Each structure stands twice: as C-alpha cells, then as structure tokens.
Amino acid sequence: MDYANLGGTGPRVSRLCLGTMMFGAWGNPDHDACVRMVHTALDAGVDFIDTADVYAFGETEEILGRALKGRRDGVVLATKFGEQMDHGDPLTRGASRRWITRAVEDSLRRLGTDRIDLYQLHRPDPATDLDETLDALTDLVRQGKVRAIGSSALPADAIVEARWTAERRGGERFTTEQLAYSALARHAEAAALPACERHGLGVMVYSPLNGGWLTGKYRAGTAAPADSRAVRNAEHFDHAEEAVRARKHAVVEEIAALADESGHTMIELALGFVLAHPAVTSAIIGPRTMEQLTAQLAAADVRLGPDVMDRLDALVAPGTDVNPADCPYAPPALADPALRRRPHARRPV
C-alpha cells in the first residue's frame, strides 16, 4: 500500500481510503460482515476511513465505532456533516453553528471516539454564511474535538472563497476537498482539481468506479445483477434512462477492451486512472461485500502507462462527463428561475 500526505493536515494516509456508505441499511445490513471488512482493509494497510453522519442515518458511524475498538489510534478517521438527518425536521441539517455543534457530538458518540481526524462539510450550504461555518469549525479544532476540517463537492470558486475567508478571519482552513472523479465523470479536471492543487489541498476522490459502471458487472446486452445498485437504485446510478444507459454502455465496452489489451482488470484501470492525477491524495473505495473489497484492494499499486492514459482521454475528453448529471452539485440558481431574475419592478405612477 502506498501512502501520501493529506494536504496540510499532517498525517500520511493510504492512497486507498475505505468508504463506508454501503455499511448498514443502505447496502449491507450485516454488521458483523461490515466489521470484518473494516478489519480486512486495516490488515491490508489501509489506514484512512471515510464516513458520514447521514449514511444510514447514523447506523454506519455506529458500525465503525464497533469496528475500530482497540484499533482507533492506527486510523485517520474522517466523517461528514450537513445533510438532513431527520426528514421530519428541516433543522437537522446545514452548516450553521447551531447544527455543527450538535452534529459533531452525535458523531463522536456514535463513533465511540473523543476526536475526529477530519471533519468535512458534506455539501455547500447556500443558506449559511461561510464565516459562521468556518468559525464554528475553528472552535471545534481548538477544543480538540476535531483535528482538521475539509469540504466536499465545492465548486472551484467556493474552494478559493473558503480559503480566502479563513485567512481573512484568522481561522482554520479547509485542508481537504472530497470530490467525484472517474474515467467516466471528469468535470473536476476543469476547475476543482487545479484549484485544489494550486492551494495545496488534499483530495479524496469518491465514486472512482462511477457507481459500479467501471467494475465490469454492467455490460451491454447483459442484465444487471439482482442485488446491485443498478436494480436497487436505478435512477441514482444511471440505469433508469435508456439514453444515458446506452451512452455509458458504449464507453464501458471500449474501456473493457482497453483493460483486456493492457492486461488490467477494469477496477485496476479505474483506480489507476484517478490516482494518476497529481492533485489526488486518495481514492475512496466503497465496497458492499468482502468480494468487492478484496478486488479493489488488489488494485492498490497499479500504475498505468502513458499509452493507456491517452486511450482513456480519447474515450472521454478531459473535463467532461459521459452523463452531465454526474456532477454532484449545481448552484440553486440553475434550478430556480427566481434566483437568476430581478424582481419585476412597478413603474412609477
């Protein structure tokens, strides 16, 4: 297992990070099996684990707390806040001081730990002033409850604004960014990844297998496995719309052929691609089963040659996505016309 510095946070972390969204009700409800996967990853040299309070609405953090008993000190533990935890209560979300101070205590309790190594804003919160968010997170660092802070799915302009705001106010800066990036979804190359590299942020890449599309299990003319996300959550993972599905199948078949020619598995190709970017610190793998975990761990040390990278560039142009919806965050004004139009003014009488 290779290791790299996590931005300016201090620790060196494994270049594969264990993502846990599939632990619990959202994926694998067998807690014992999930604990075994955590231990298998740790034994293989993974020392970086990412979760979120919203995963299975707290269940995933509880599973991790159990899995890390006796092994907590050997792990860089990251979690996220900001997504709505109680769908009946709109106040259980966001990046306000009020919610942050409650959310961190809930995560610490569920994780069974006295500190979080990396506490991340899960998504931008347009309703809260960034100054308030950074001030609250700075207080958590100074209290020793959090060691470093980061963000997820921020556009490039927000990454720069957050850094400027922290410097102006003399507080803690976001030292990491977690973003979606894969050989099929390359929008981050256009602005976010260069911004992270320019400002020295550590980058954690999620969905490097593009929701399973780059594992080899979704092939043209073949039905998706009955227990896969393609069946359980077809719309979210690009299997519901025929046009989108057809576009992805066409590119996946080309990537599968390239994998065969180059002597790699598709998983090796997918992980090797994202880890080749100079801004990327770690790729987050999100297994649901032990079989998936071992297949992804086997790809940890793959290095792709320039000829393979060039072929991938030819299949999906740098900075573009096969499906534009793979970009996880869009400014609210793109969806709400009222936010991009001046109010109609009455003519003076």
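This is a predicted model, so every value here is computed, not measured.
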Between [X] and [Y], is there shared hydrophobic-cluster membership here, with clusters defined by ILVMFWY side-chain heavy atoms closer than 4.5 Å?
| X | Y | answer |
| --- | --- | --- |
| M309 | V251 | yes |
| L18 | Y3 | yes |
| V316 | F273 | yes |
| L271 | M1 | yes |
| L91 | M85 | no |

Quick check: do [X] and [Y] have side-chain heavy atoms less than 4.5 Å from each other?
| X | Y | result |
| --- | --- | --- |
| L184 | I255 | yes |
| L312 | L258 | yes |
| M22 | M37 | no |
| H264 | L304 | yes |
| I63 | T20 | no |
| Q296 | T265 | no |

ILVMFWY cluster membership beyond L6 - transitive side-chain contacts under 4.5 angstrom: V13, F48, V76, L118, M204, Y206, I284
Cationic N near anionic O, under 4.0 Å, [X] to [Y]:
| X | Y | answer |
| --- | --- | --- |
| R173 | E167 | yes |
| R169 | D135 | yes |
| D129 | R97 | no |

Show me the pairs that pass salt bridge (charged side-chain N to carboxylate O under 4.0 Å, His left out) and involve residues 183-210, at least two apart or across chains. R186-E189, R186-D313
Residue pairs passing the salt bridge (charged side-chain N to carboxylate O under 4.0 Å, His left out) test with at least one member in residues 144-157, sequence neighbours excluded, are E105-K145, D117-R147
Decide salt bridge (charged side-chain N to carboxylate O under 4.0 Å, His left out) for D32 and R66; before the verdict, give the C-alpha distance in whole Å, the side-chain angles of both, and the deciding distance to 0.1 Å. CA-CA 10 Å; D32 291 339; R66 177 184 161 198; 2.4 Å; yes
Any pair counted as ring pair (Phe, Tyr, Trp, His ring centres under 6.0 Å), so long as it reaches residues 67-107, sequence neighbours left out: F57-H87, F81-Y119
How long is the straight-line distance from [atom2] of [Y] back to [atom1] of [X], given to the nearest 0.5 Å?
| X | Y | atom1 | atom2 | answer |
| --- | --- | --- | --- | --- |
| D50 | S282 | CG | OG | 10.0 Å |
| L137 | I100 | CG | CD1 | 4.5 Å |
| D47 | D73 | CG | CG | 12.5 Å |
| D139 | L134 | CG | CG | 11.0 Å |

Between R311 (side chain only) and E254 (backbone N and O only), is there a donor and an acceptor less than 3.5 Å apart? no
Any sub-3.5 Å donor-acceptor pair from T138's side-chain atoms to E172's backbone N or O? yes
Could you check whether [Y] and [X], counting side-chain N and O atoms only, form a donor-acceptor pair closer than 3.5 Å?
| X | Y | value |
| --- | --- | --- |
| S151 | E177 | yes |
| T281 | R15 | no |
| E61 | S107 | yes |

Check side chain to side chain donor-acceptor pair (under 3.5 Å) between R71 and all other residues, then give those that pass, not counting sequence neighbours. D43
Side chain to side chain donor-acceptor pair (under 3.5 Å) involving T128 - partner list, sequence neighbours excluded: D125
